[in-house]
Undergrad: 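Please see the structure below; I have some questions.
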Amino acid sequence: MRLLLTSDTHVPQRARALPPRLLDAMARADVVVHAGDWTDAATLDLLQDRARRLIAVYGNNDGSELRARLPEVVDTDLDGLRLGVVHETGPAQGREHRCADRFPDLDVLVFGHSHIPWDTTAETGLRLLNPGSPTDRRRQPFCTYMTAEVADGRLTRVVLHRLPLRR
């Protein structure tokens, strides 16, 4: 199973549209995961129309329309992999421990908010992934998203993709 992980799209505040490379990658994904901060319902509509399966949450910058359509936290099973999605996980320091305590039954937690790519594993084995942002790199050198694969209940082949700088 092929996954595409994204977050913090912030359309139209940070970009007029999602990058074409992200949309192309979405077409190849079995599951698209969005960890919040859409900021507009049109982007949610686009992903719901294009994704084979969309797993998504709202973020701190999402208004009442998006909050009415999306949960704050998702916990789901993907072929035996226990996957969770949430927007905010608090400060970087202590994140693994905090998330392992909050989500003891998960194998993988996808989160957003910081726009900073993240891939670590807590002592409990919980893997934490932040795909960064495909539209707002903040202090990062590139805008990013991630792809991954699920096989036999395990997450495999996690890849961070850098997007070209916009002009």
Undergrad: Same cluster for Met146 and Val33 if Ile/Leu/Val/Met/Phe/Trp/Tyr side chains link at under 4.5 Å?
TA: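 Yes, same cluster.
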Undergrad: State, to 0.1 Å, how close Arg16 and Val11 come at their nearest heavy-atom pair, and which atoms those are.
TA: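 Reported closest heavy-atom pair: O-CG1, 3.6 Å.
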Undergrad: If you define the side chain from C-beta out and look only at heavy atoms, does anything of Asn130 sit under 4.5 Å from Leu5?
TA: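 No. Closest side-chain heavy atoms not under 4.5 Å.
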Undergrad: What residues, two or more places apart in sequence or in another chain, satisfy side chain to side chain contact (heavy atoms under 4.5 Å, CB included) together with Glu72?
TA: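 So Glu72 forms a side chain to side chain contact (heavy atoms under 4.5 Å, CB included) with Tyr58.
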Undergrad: Is there a donor-acceptor contact under 3.5 Å linking the side chains of His113 and Asp8?
TA: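 Checked: His113/Asp8 side chains show no N/O donor-acceptor pair below 3.5 Å.
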Undergrad: Report yes if some heavy atom in the side chain of Ile116 is under 4.5 Å from a heavy atom in the side chain of Gln140; otherwise report no.
TA: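 Heavy-atom side-chain distance check passes, below 4.5 Å.
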Undergrad: Do the side chains of Met1 and Leu3 get nearer than 4.5 Å, heavy atoms only?
TA: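 Result yes, sub-4.5 Å side-chain heavy-atom pair found.
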Undergrad: Using atom types as modelled and distance alone, determine if a side-chain donor or acceptor of His115 lies under 3.5 Å from a backbone N or O of Arg138.
TA: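 No: the side chain of His115 does not pair with the backbone of Arg138.
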Undergrad: Taking the side chain from Trp38 and the backbone from Val57, do they hold a donor-acceptor pair closer than 3.5 Å?
TA: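 Yes, because the side chain of Trp38 sits within donor-acceptor range (under 3.5 Å) of the backbone of Val57.
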Undergrad: So which heavy atom on Pro71 is nearest to which on Ala56, and how close?
TA: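 Of all heavy-atom pairs spanning Pro71 and Ala56, the closest is CD-O, 3.5 Å.
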Undergrad: Please identify each residue that fulfils side chain to side chain donor-acceptor pair (under 3.5 Å) with Thr76, with sequence neighbours left out.
TA: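 Per chain and number, Thr76 pairs via side chain to side chain donor-acceptor pair (under 3.5 Å) with Arg53.
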Undergrad: With salt bridge (Lys or Arg N to Asp or Glu O under 4.0 Å) as the criterion, how do Arg50 and Asp45 come out once you've worked through the C-alpha distance, each side chain's angles and the decisive distance to 0.1 Å?
TA: CA-CA 9 Å; Arg50 289 192 177 204; Asp45 295 338; over 6 Å; no
Undergrad: Check whether any side-chain heavy atom of Arg127 sits under 4.5 Å from a side-chain heavy atom of Asp119, and report yes or no.
TA: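 A side-chain contact exists here, since the closest heavy-atom pair is under 4.5 Å.
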Undergrad: Do you reckon Val73 sits in the same ILVMFWY cluster as Phe111, going by side-chain contacts under 4.5 Å, direct or chained?
TA: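 As far as the 4.5 Å side-chain criterion goes, Phe111 and Val73 are connected within one cluster.
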Undergrad: When you compare the side chains of Arg69 and Gln48, does any donor N or O come within less than 3.5 Å of an acceptor on the partner?
TA: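 There is such a pair between these side chains.
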Undergrad: Can you find a pair of side-chain heavy atoms, one from Asp101 and one from Thr124, that are under 4.5 Å apart?
TA: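 The answer is no, as the side chains (C-beta and beyond) never meet within the 4.5 Å cut-off.
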Undergrad: List the atom of Gly112, the atom of Ala35, and the distance in Å for their closest heavy-atom pair.
TA: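 Reported closest heavy-atom pair: N-CB, 3.8 Å.
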Undergrad: For the pair Asp75 (side chain) and Gly84 (backbone), establish whether a donor and an acceptor sit closer than 3.5 Å, ignoring hydrogens and angles.
TA: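 Between the backbone of Gly84 and the side chain of Asp75 there is no qualifying donor-acceptor contact (under 3.5 Å).
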Undergrad: Would you list the atom pairs, donor with acceptor, under 3.5 Å between side chains in residues 152-162 and any protein atom, with sequence neighbours excluded?
TA:
| unit_1 | atom_1 | unit_2 | atom_2 | d |
| --- | --- | --- | --- | --- |
| Thr156 | OG1 | Glu149 | O | 3.2 |
| His161 | NE2 | Thr147 | OG1 | 2.7 |

Undergrad: Using the test side chain to side chain donor-acceptor pair (under 3.5 Å), find all partners of Asp40 that sit at least two apart in sequence or belong to another chain.
TA: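 Thr43.
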Undergrad: With Ser7, which residues qualify under side chain to side chain donor-acceptor pair (under 3.5 Å), at least two apart?
TA: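 For Ser7 there are no side chain to side chain donor-acceptor pair (under 3.5 Å) partners, ignoring immediate neighbours.
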Undergrad: Going by salt bridge (charged side-chain N to carboxylate O under 4.0 Å, His left out), name the residues that satisfy it together with Arg67, two or more places apart in sequence or in a different chain.
TA: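 If we apply the salt bridge (charged side-chain N to carboxylate O under 4.0 Å, His left out) test to Arg67, skipping adjacent residues, there are no hits.
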Undergrad: Identify the heavy atoms of Leu128 and Ala122 that sit nearest to each other, and give their distance.
TA: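 Result for this residue pair: CD1-N, 4.2 Å.
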Undergrad: I'd like to know if the side chain of Arg137 reaches the main chain of Gly132, judged simply by a donor and an acceptor atom lying under 3.5 Å from each other, with no hydrogens or angles considered.
TA: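 Here the side-chain-to-backbone pair does not exist.
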Undergrad: I'd like to know if the side chain of Asp37 pairs up with that of Thr9 as donor and acceptor (distance under 3.5 Å, no hydrogens or angles considered).
TA: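 No, Thr9 and Asp37 have no side-chain donor paired with an acceptor closer than 3.5 Å.
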Undergrad: Do the side chains of Leu70 and Leu44 get nearer than 4.5 Å, heavy atoms only?
TA: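 The answer is yes; the side chains approach within 4.5 Å.
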Undergrad: Test of understanding: clusters of I, L, V, M, F, W, Y form through side-chain heavy atoms closer than 4.5 Å, transitively. Do Phe103 and Leu78 belong to the same one?
TA: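 Phe103 and Leu78: separate clusters.
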Undergrad: If we only count heavy atoms from C-beta on, is the His34 to Ile55 side-chain gap below 4.5 Å?
TA: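 His34 vs Ile55: side chains apart.
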Undergrad: Would you mind reporting whether Pro131 and Val110 have side-chain heavy atoms less than 4.5 Å apart?
TA: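 Yes, their side chains come closer than 4.5 Å.
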Undergrad: What are the two closest heavy atoms between Gly90 and Arg98, and how far apart are they?
TA: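 Looks like C-NH2, 3.4 Å.
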Undergrad: For the pair Arg28 (side chain) and Asp24 (backbone), establish whether a donor and an acceptor sit closer than 3.5 Å, ignoring hydrogens and angles.
TA: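 A pair under 3.5 Å: yes.
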